[in-house]
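Sharing a structure, written as structure tokens. Questions coming.
The model shown is predicted, which means the values in this text are computed figures rather than measured ones.
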Amino acid sequence: MTWLWVMLAGGVGSVLRYLLVLGHEAFLRARRQPVPSDEEIIPTVSGTFVVNVVGAVVMGAVVAATGSMEAQPVVTTGLLGGFTTFSAASLETAQDVRARRWARVVAVPLAMMIACLLGFWLGVMAVRSIPPMG
């Protein structure tokens with residue numbers, strides 16, 4: 001029966017990702033002048049970046065609180081698996097390759113990986129800094 005909860009949580013995570021990226025893009029567009037069409041991908045790339053880092057922070061907190069990723073499959077595999085997105089990051093990098101944006105082909109995935117690792121560590125440290133109750 002866990003598989004059903006994982007599936008439902010994955011759907012919720014996907015909707016949360018969609019809403020966060022839409023909100024992030026609206027925020028960026030409201031703060032700057034219209035950009036040329038070849039740079040329209042920037043809000044999407046930064047939205048994917050934000051989603052993956054937020055997911056890494058939450059994953060670190062969950063793992064620290066439960067002791068392992070397997071302890072909470074509904075949250076980790078389901079909710080956070082649906083929320084974070086490696087496939088969108090891969091697509092965005094492939095689009096950068098096609099457009100010959102070589103600096104972004106290297107910089108964005110590398111920065112995302114470093115930021116996600118730091119975010120995971122931050123989530124772990126945040127939970128570990130909370131004194132035990134009792």
Test log, rule side chain to side chain contact (heavy atoms under 4.5 Å, CB included), inputs Val45 and Val108: CA-CA 8 Å; Val45 170; Val108 172; 3.7 Å; yes

For Arg101 against Gln95, the heavy-atom pair lying closest together: NH1-O, 4.1 Å

Atom pair CE (Met59) and SG (Cys116), whose distance is rounded to the nearest 0.5 Å: 10.5 Å

Main-chain N/O of Phe86 paired with Asn52 side-chain donor or acceptor, under 3.5 Å: no

Heavy-atom check, side chain of Val75 versus side chain of Thr66, under 4.5 Å: no

Nearest-0.5 Å distance, OG1 of residue Thr77 to CD of residue Gln72: 10.5 Å

Hydrophobic cluster membership, Phe49 vs Leu117, 4.5 Å side-chain cutoff: no

Closest heavy-atom pair and its distance - Thr2, Pro73: CG2-CG, 3.9 Å

Residue pair Leu79 / Val74, side-chain heavy-atom distance below 4.5 Å: no

Residues forming a side chain to side chain contact (heavy atoms under 4.5 Å, CB included) with Leu118, sequence neighbours excluded: Ile114

same_hphob_cluster(Val12, Val21) at 4.5 Å side-chain heavy-atom cutoff: yes

Test item: Val54 and Val50 side chains (from C-beta on) under 4.5 Å apart, heavy atoms: yes

From Glu92, His24, Arg17, residue fulfilling side chain to side chain donor-acceptor pair (under 3.5 Å) relative to Thr48: Glu92

Phe83 side chain near Val51 side chain, heavy-atom distance below 4.5 Å: yes

Single-linkage hydrophobic cluster, 4.5 Å side-chain cutoff, Tyr18 and Leu20 together: no

Interatomic distance, Met113 atom CE to Leu110 atom CG [nearest 0.5 angstrom]: 9.0 Å

Verify same cluster id: Val124, Val62 (apolar side-chain graph, 4.5 Å): yes

Transitive ILVMFWY side-chain link Val6 to Leu8, under 4.5 Å: yes

Distance, nearest 0.5 Å, that separates CG of Asp96 from CG of Leu91: 9.5 Å

